[in-house]
Visitor: 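There's a structure below that I have some questions on.
Numbers here simply count residues along the sequence, with the first being 1.
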Amino acid sequence: MTSTAPETQRGQDAGDPLGEQPTSWQRRLRRFGHVPRPETSLRDRLDPPWTRPGRQVWSVLAIPPRVADRLVRWSAWGGPLLVALVAGLLRFWRLDQPNAVIFDETYYAKDAWALVNQGYEGSWPKDVDKLILKDPSSVPIPTDPGYVVHPPVGKWIIGFGEQLFGFTPFGWRFMVAVLGTISVLLLCRIGRRLFRSTFLGCLAGLLLAVDGLHFVMSRTALLDLIVMFFVLAAFGCLVVDRDRSRRRLADALPVDEEGVLRPDARIAETLRLGWRPWRLGAGVMLGLAFATKWNGLYVLAAFGLMTVLWDVGARRTAGAARPYMAVLRRDLVPAFFSTVPVAIVTYIVSWTGWIVTDKGYYRNWAATEGKGSSWSWLPDWLRSLWHYETQVYDFHVGLTSGHTYESNPWSWLVLGRPVSYFYEEQAGCKESSTGKCAAEVLAIGTPLLWWLACFALAYVVWRWLFRRDWRAGAIACGVAAGWVPWFFYQERTIFLFYAVVFVPFLCLAVTMLLGAIVGPAAGTGARANLGLTSKDPTGERRRTLGAIAAGVLVLLIIWNFIYFWPLYTGTSIPEDLWRDRMWLDTWV
């Protein structure tokens with residue numbers, strides 16, 4: 001959003017795309033904020049520079065340049081940590097409330113407790129939740145195996161919190177709240193790297209911190225936020241890998257006698273990019289996502305394709321005449337083995353408890369019902385696991401029984417049908433005209449944020465298609481990977497809270513839109529070439545109005561989060577106020 005003097009020099013070195021004297025129609029267009037796309041040096045295209053606050057900011061605050069430089073360096077981590085601290089305080093405040101087993105916690109909290117204590121899930125008796133809340137120590141862990149339909153990683157994570165703080169609401173929600181907080185920090189850092197701006201990165205994290213769906217899911221022992229965490233971590237690994245591989249490619253290209261980096265087809269097509277540990281880390285993260293819920297498998301496919309296309313773009317930019325063939329020869333096989341096999345191995349390892357205990361559901365299927373199979377040369381545990389997986393798949397695709405809060409994925413972005421996790425009425429409420437108070441935990445995104453995200457996604461798609469902006473393509477890929485697969489299972493019972501997997505990418509999309517509303521800093525790059533210097537009233541007026549508009553939108557989103565706070569936390573409020581917050585009939 002802002003720039004420094006060195007960046008101005010880079011823009012001038014690239015050349016003035018309109019010549020030194022803009023034509024009359026170009027002068028007229030610039031009154032409305034129009035600027036041409038500036039030419040960028042090859043090194044900046046391969047390894048974009050980071051933006052820094054302009055000197056005028058520090059002058060207004062009366063901060064000396066040396067102190068300002070130190071603050072800029074500190075803000076790279078200090079800003080994200082501060083945003084994450086705020087998010088953590090919100091998520092851990094009264095985390096044990098409501099003191100109840102809400103929604104699907106009735107499955108995952110108990111399965112996690114059995115898993116961390118005996119290595120496999122047990123078959124819990126019905127109506128045991130009240131006994132657990134009253135005295136968990138009096139409830140024995142069932143030794144009979146239970147039939148579960150989700151892989152174990154998410155339950156291991158929930159169970160770790162239970163080991164620390166007991167078989168209580170705080171215990172089974174603790175680790176989910178930790179991951180929800182860390183995901184805000186991750187998004188700040190990812191956004192910073194994506195947009196090359198600490199401010200925009202922190203803004204993306206702030207939007208995630210005040211999103212209602214992410215907030216509710218961070219305070220509930222369900223699996224979907226855990227999937228979101230691993231997906232976001234994998235995305236961050238791939239973005240770092242992209243930066244490092246492109247920097248390595250830029251360092252290998254020749255420099256002419258004037259010190260300008262030049263493309264080279266031979267180097268671009270033959271250079272081996274070497275060891276890429278961040279992409280390997282992405283494979284592990286995607287495997288953990290898949291080992292929490294199966295929808296992580298779709299993200300694995302989408303991100304795998306995305307990282308290969310990034311390699312194609314890098315080699316094309318470096319001068320490759322046949323970038324697809326170069327990637328096919330040099331990058332495709334390493335990319336595949338860094339992600340797919342790694343994810344599969346991670347998935348299988350996650351079942352270790354089920355494998356070694358020899359007591360899990362279907363654990364001995366190969367030695368009983370599956371005996372004599374043509375695949376008997378494989379280990380019994382592997383054949384039993386494969387049989388288990390096929391049974392679980394049949395369950396998922398056949399889950400068509402209706403539910404009060406089910407919703408179609410077409411309605412998710414507009415929050416058509418949120419999910420009520422907990423609802424309780426109290427009689428004798430004098431503040432209400434009906435004499436009742438209501439306490440509810442409603443899994444719904446912050447409405448103004450999500451509705452703005454609809455426009456932001458349209459902008460992102462436009463920018464990707466017509467401006468070839470890789471950042472927009474990456475954001476669109478993240479949203480599509482978490483959203484589009486559900487359209488193939490519309491007959492299945494599905495819920496809005498599944499959308500939490502792509503909420504961070506919605507926040508990135510909104511951040512990108514807000515950055516465009518503010519506009520680029522005056523006095524840099526093409527604006528300087530057009531005469532729009534920092535002293536130009538038109539450029540400054542455009543940026544000031546844009547900053548005011550973007551600031552108002554952010555403040556409205558924060559206000560909207562505060563307004564819906566009682567519905568996110570189960571706070572008891574008069575029924576009149578509760579109904580005031582039911583903006584759509586489908587929310588009731």
Visitor: Enter the distance from L332:CG to Y324:OH here, rounded to the nearest 0.5 Å.
Guide: 12.5 Å
Visitor: Under 3.5 Å, is there a donor-acceptor pair between the side chain of S197 and the main chain of L200?
Guide: yes
Visitor: Flag the pair L413 / L457 as yes when at least one side-chain heavy-atom distance between them is below 4.5 Å, and no otherwise.
Guide: yes
Visitor: Can you confirm whether R322 is buried at CZ, in the sense that more than 12 heavy atoms of other residues, nucleotides or ligands lie under 6.0 Å from that atom?
Guide: no
Visitor: Which heavy atom of A291 sits nearest a heavy atom of S350, and at what distance?
Guide: CB-OG, 3.5 Å
Visitor: Can you tell me how the ring of Y563 sits relative to the ring of W559, calling it parallel under 30°, perpendicular over 60° and tilted otherwise?
Guide: parallel
Visitor: Please determine if R189 forms a cation-pi arrangement with W77, meaning its NZ or CZ atom is less than 6.0 Å from the six-membered ring centre and no more than 45° off the ring axis.
Guide: yes
Visitor: Can you tell me how far CG of L208 sits from CZ of F505, rounded to the nearest 0.5 angstrom?
Guide: 10.5 Å
Visitor: About how many Å separate CE of M285 and CG of L238, when rounded to the nearest 0.5 Å?
Guide: 11.5 Å
Visitor: What's the shortest heavy-atom distance between W486 and P409, and which atoms?
Guide: O-CG, 3.9 Å
Visitor: Under the ring-ring contact (aromatic ring centres under 6.0 Å, His included) criterion, do F215 and F561 qualify, and how do the steps go?
Guide: CA-CA 10 Å; F215 177 79; F561 174 76; 5.4 Å; yes
Visitor: Any side-chain heavy atom of L288 within less than 4.5 Å of one from F229?
Guide: no
Visitor: Quick one: OG1 on T346 to CD1 on I344, what's the gap to the nearest 0.5 Å?
Guide: 9.5 Å
Visitor: Can you tell me if CZ on F92 sees more than 12 non-hydrogen neighbours from other groups inside 6.0 Å?
Guide: yes
Visitor: Taking all atoms of both residues into account, what is the closest heavy-atom pair of Y568 and I444, and its distance?
Guide: CE2-O, 3.3 Å
Visitor: Counting distance only, does the side-chain N/O of T307 pair as donor-acceptor with the main-chain N or O of F303 below 3.5 Å?
Guide: no
Visitor: Could you check if a side-chain atom of R262 sits within less than 4.5 angstrom of a side-chain atom of L42, using non-hydrogen atoms only?
Guide: no
Visitor: Any chance you could measure L85, atom CG, to L90, atom CG, to the nearest 0.5 Å?
Guide: 9.5 Å
Visitor: Are V484 and V479 close enough that some pair of their side-chain heavy atoms sits under 4.5 Å apart?
Guide: no
Visitor: Taking P48's backbone N and O only, do any of them form a donor-acceptor pair with D44's side chain (distance below 3.5 Å, no angle check)?
Guide: no
Visitor: Do L223 and I158 come close enough that some side-chain heavy atom pair is under 4.5 Å?
Guide: yes
Visitor: Would you say CH2 of W462 has more than 12 non-hydrogen atoms from neighbouring residues, nucleotides or ligands within 6.0 angstrom?
Guide: yes
Visitor: Using the rule given for side-chain contact (heavy atoms from CB on, under 4.5 Å), can you reason through Y347 versus V153, listing the C-alpha separation, both sets of side-chain angles and the distance that settles it, and then say yes or no?
Guide: CA-CA 9 Å; Y347 180 86; V153 164; over 6 Å; no
Visitor: Could you tell me whether D47 and R246 make a salt bridge, using a distance below 4.0 angstrom between a side-chain N and a carboxylate O?
Guide: no
Visitor: Charged N to carboxylate O under 4.0 angstrom, R316 versus D311?
Guide: no
Visitor: Within this structure, what is the CG-CD1 distance for the pair D211 and I557, rounded to the nearest 0.5 Å?
Guide: 9.5 Å
Visitor: Could you pull out the closest heavy-atom pair between F497 and L222, with the gap in Å?
Guide: CE1-CD2, 3.9 Å
Visitor: Decide whether H214 and S183 meet the rule of one side-chain donor and one side-chain acceptor closer than 3.5 Å.
Guide: yes
Visitor: D224 and M217: side-chain contact (heavy atoms from CB on, under 4.5 Å), yes or no, with the steps?
Guide: CA-CA 8 Å; D224 300 86; M217 297 299 289; 3.8 Å; yes
Visitor: Hydrogens and angles aside, do Y298 and W483 bring a side-chain donor and acceptor to less than 3.5 Å of each other?
Guide: no
Visitor: Where do A252 and I267 come nearest, in terms of heavy atoms and distance?
Guide: O-CD1, 3.2 Å
Visitor: Quiz question: by atom type and distance under 3.5 Å, do the side chains of T198 and R192 form a donor-acceptor pair?
Guide: yes
Visitor: Check for a donor-acceptor pair, side chain of E269 on one end and backbone N or O of P323 on the other, with a separation under 3.5 Å.
Guide: no
Visitor: Check this for me: does any side-chain nitrogen of one of R467 and D469 sit under 4.0 Å from a carboxylate oxygen of the other?
Guide: no
Visitor: If we ignore hydrogens and angles and just use 3.5 Å, is the side chain of S407 paired with the main-chain N or O of L496 as donor and acceptor?
Guide: yes
Visitor: Within the supplied structure, the quantity of interest is the number of heavy atoms (other residues, nucleotides, ligands) at a distance under 6.0 Å from F487 CZ; does it exceed 12?
Guide: yes
Visitor: Do K293 and F230 form a cation-pi contact, if we require the NZ or CZ to be under 6.0 Å from the six-membered ring centre and within 45 degrees of the ring's axis?
Guide: no
Visitor: I want to check something: taking the side chain as every heavy atom from C-beta on, are L553 and L514 in contact at a cut-off of under 4.5 Å?
Guide: yes
Visitor: Counting N and O atoms only, with roles assigned by atom type, does the side chain of S338 sit under 3.5 Å from a partner on the main chain of A335, one being a donor and the other an acceptor?
Guide: no
Visitor: Kindly confirm or rule out a cation-pi arrangement of R471 over W464, judged by NZ or CZ under 6.0 Å from the six-membered ring centre and within 45° of its axis?
Guide: no
Visitor: Determine, step by step, whether F235 and I190 satisfy the side-chain contact (heavy atoms from CB on, under 4.5 Å) criterion, reporting the C-alpha distance in whole Å, the side-chain angles of both residues, the deciding distance to 0.1 Å, and the verdict.
Guide: CA-CA 8 Å; F235 181 78; I190 291 170; 3.7 Å; yes
Visitor: Would you mind reporting whether V510 and Y459 have side-chain heavy atoms less than 4.5 Å apart?
Guide: no
Visitor: Could you walk me through whether R315 and D331 pass salt bridge (Lys or Arg N to Asp or Glu O under 4.0 Å), step by step?
Guide: CA-CA 10 Å; R315 291 189 181 274; D331 303 317; 2.7 Å; yes
Visitor: Taking all non-hydrogen atoms of both residues into account, name the closest pair between P151 and F290 and its distance.
Guide: CG-O, 3.7 Å
Visitor: Do any N or O atoms from the side chain of D241 and from the backbone of W278 form a donor-acceptor pair under 3.5 angstrom?
Guide: no
Visitor: Do the side chain of R219 and the main chain of R91 share a donor and acceptor less than 3.5 angstrom apart?
Guide: yes
Visitor: Between W412 (side chain only) and A499 (backbone N and O only), is there a donor and an acceptor less than 3.5 Å apart?
Guide: no
Visitor: Go through the steps to decide whether T446 and F564 satisfy the test side-chain contact (heavy atoms from CB on, under 4.5 Å), and finish with yes or no.
Guide: CA-CA 8 Å; T446 302; F564 280 89; 6.0 Å; no
Visitor: Just so I know, are the side chains of D251 and R43 near enough to count as touching, which here means a heavy-atom distance under 4.5 Å?
Guide: yes
Visitor: If only atom types and distance count, is the side chain of R196 paired as donor or acceptor with the main-chain N or O of R193 below 3.5 Å?
Guide: yes
